[in-house]
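Quick note: numbers below take in every heavy atom, side chains included, and nothing from hydrogens, waters or symmetry partners.
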Amino acid sequence: MAEGSAPTEPRAPSPRTRSGKRTLLLIAAVTLTPVVASYTAYYLFPRAPAANYGALMPTVPIPGIEGTRPDGSPFRLEDLRGRWVLVAHGGGDCDAGCERKLYATRQARTMQGMEQDRIVRAWFVLGDTAPSAALLAQHPGLVVVRVPEAVPARFPGGASPLYLIDPLGNLVLRYPDDPDIKGVARDLTRLLRASRIG
């Protein structure tokens, strides 16, 4: 510094510099806000783990089941391979519980929209009573099969529950006697989305 010269005062930041810093801070805040929000939501508000509505069964193939269709033609469960199969058992007189089960399968399948053709509904009829025409009219596409009385013993839990069989012929899920339609539909949606078969 030359003798006699006055010390220079620090210059105040120009308005342009202050504006640039504010812009930079705003960009940083906008960028970091979603990250902070996602971490906050993940750790402070954890979601319940997704679970099946139906009870998961040990993956075992269902042994060959044979029966007779209403027109007298033979039926083999293997004929439905390649599609998801909702199976209900019941007597041909179909009490209120049986009707609710069939209704639940129909509605859960319908709720799959364009994917519903990947699902087949089957009703294994036990005993000598034939299902009424009025009941069958309410369930178009239902595969009705008269099977021997011993068939339900091949399924865990016997005749009452509703079962889901995968396209490879394996038992997958078991549902209660009076299934929740939305619960069954959610399971089907999840399986159809994840499955590359059937």
- Given side chain to side chain contact (heavy atoms under 4.5 Å, CB included), test V125 with V144 step by step and report yes or no. CA-CA 7 Å; V125 178; V144 180; 3.7 Å; yes
- Message: For a salt bridge (charged side-chain N to carboxylate O under 4.0 Å, His left out) check, start with the C-alpha distance between E115 and R118, then their side-chain angles and the critical distance, and finish with the verdict.
- Response: CA-CA 6 Å; E115 299 291 321; R118 297 172 64 189; 2.7 Å; yes
- E66/F75 under side chain to side chain contact (heavy atoms under 4.5 Å, CB included): CA gap, chis, key distance, verdict: CA-CA 5 Å; E66 298 183 358; F75 167 86; over 6 Å; no
- Message: Between L135 and E99, does the side chain to side chain contact (heavy atoms under 4.5 Å, CB included) criterion hold? Intermediate values first, please.
- Response: CA-CA 8 Å; L135 176 67; E99 287 189 24; 4.1 Å; yes
- Message: For K182 and Q107: C-alpha separation, side-chain torsions, deciding distance, then whether side chain to side chain contact (heavy atoms under 4.5 Å, CB included) applies.
- Response: CA-CA 9 Å; K182 289 183 180 176; Q107 294 304 104; over 6 Å; no
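At a threshold of 4.5 Å between non-hydrogen side-chain atoms, the residues I65 and V147 count as touching. When side chains are defined from C-beta on, V120 counts as touching V143, because their heavy atoms get closer than 4.5 Å. Two residues are said to be in side-chain contact when any heavy atoms from C-beta on lie closer than 4.5 Å; R174 and L162 fail this criterion. Put simply, the side chain of Q138 reaches to within 4.5 Å of the side chain of R106, judged on heavy atoms. The side-chain heavy atoms of L77 and I165, taken from C-beta on, include a pair separated by under 4.5 Å.
In this structure, CG on D178 lies 9.5 Å from NZ on K101, to the nearest 0.5 angstrom. Between the CZ atom in R190 and the CZ atom in R193 there is a gap of 8.5 Å [rounded to 0.5 Å]. A distance of 7.0 Å separates OG1 in T105 from NE2 in H139, rounded to the nearest 0.5 Å. Expressed to the nearest 0.5 Å, how far CG of L191 lies from CG of D166 amounts to 9.0 Å. With values rounded to the nearest 0.5 angstrom, L188 atom CG is found 11.5 Å from S195 atom OG.
One hydrophobic cluster holds both Y53 and I119 under the rule that ILVMFWY side chains link at heavy-atom gaps under 4.5 Å. Linking Ile, Leu, Val, Met, Phe, Trp and Tyr whenever their side-chain heavy atoms come within less than 4.5 Å puts L192 and L164 in one cluster. At a threshold of 4.5 Å between side-chain heavy atoms, the hydrophobic network of Ile, Leu, Val, Met, Phe, Trp and Tyr places W84 and L56 in one connected group. Grouping the Ile, Leu, Val, Met, Phe, Trp and Tyr side chains by contacts below 4.5 angstrom, directly or via other members, places I62 with M57. Transitive grouping of hydrophobic side chains (ILVMFWY, heavy atoms separated by less than 4.5 Å) keeps L102 and F124 in distinct clusters.
Closest of all the heavy-atom pairs between D117 and R109 is OD1-NH2, 3.6 Å. Contact between V87 and V85 at its shortest, heavy atoms only, is CG2-CG1, 3.6 Å. T189 approaches Q112 most closely through the heavy-atom pair OG1-OE1, 2.8 Å. W123 approaches G91 most closely through the heavy-atom pair CZ2-O, 3.4 Å. L126 approaches P152 most closely through the heavy-atom pair CD1-CG, 3.6 Å. Across all non-hydrogen atoms, the minimal contact from I197 to P167 is O-CG, 3.8 Å.
Under a 3.5 Å cut-off, the side chain of D79 and the backbone N or O of R76 do form a donor-acceptor pair. Remark: the backbone N or O of G54 is not paired with any side-chain donor or acceptor of N52 at under 3.5 angstrom. A donor-acceptor pair under 3.5 Å is formed between the side chain of R154 and the backbone N or O of G64.
Within a 6.0 Å radius of CG in D95, other residues, nucleotides and ligands contribute more than 12 heavy atoms.
When only modelled atom types and interatomic distance are considered, T68 and R146 share no side-chain donor-acceptor pair under 3.5 Å. In this structure, a donor-acceptor pair under 3.5 Å is absent between the side chains of D180 and Y175.
Listed by first then second residue, pairs satisfying disulfide bond (SG atoms under 2.5 Å apart) with a partner in residues 78-118 read C94-C98, not counting sequence neighbours.
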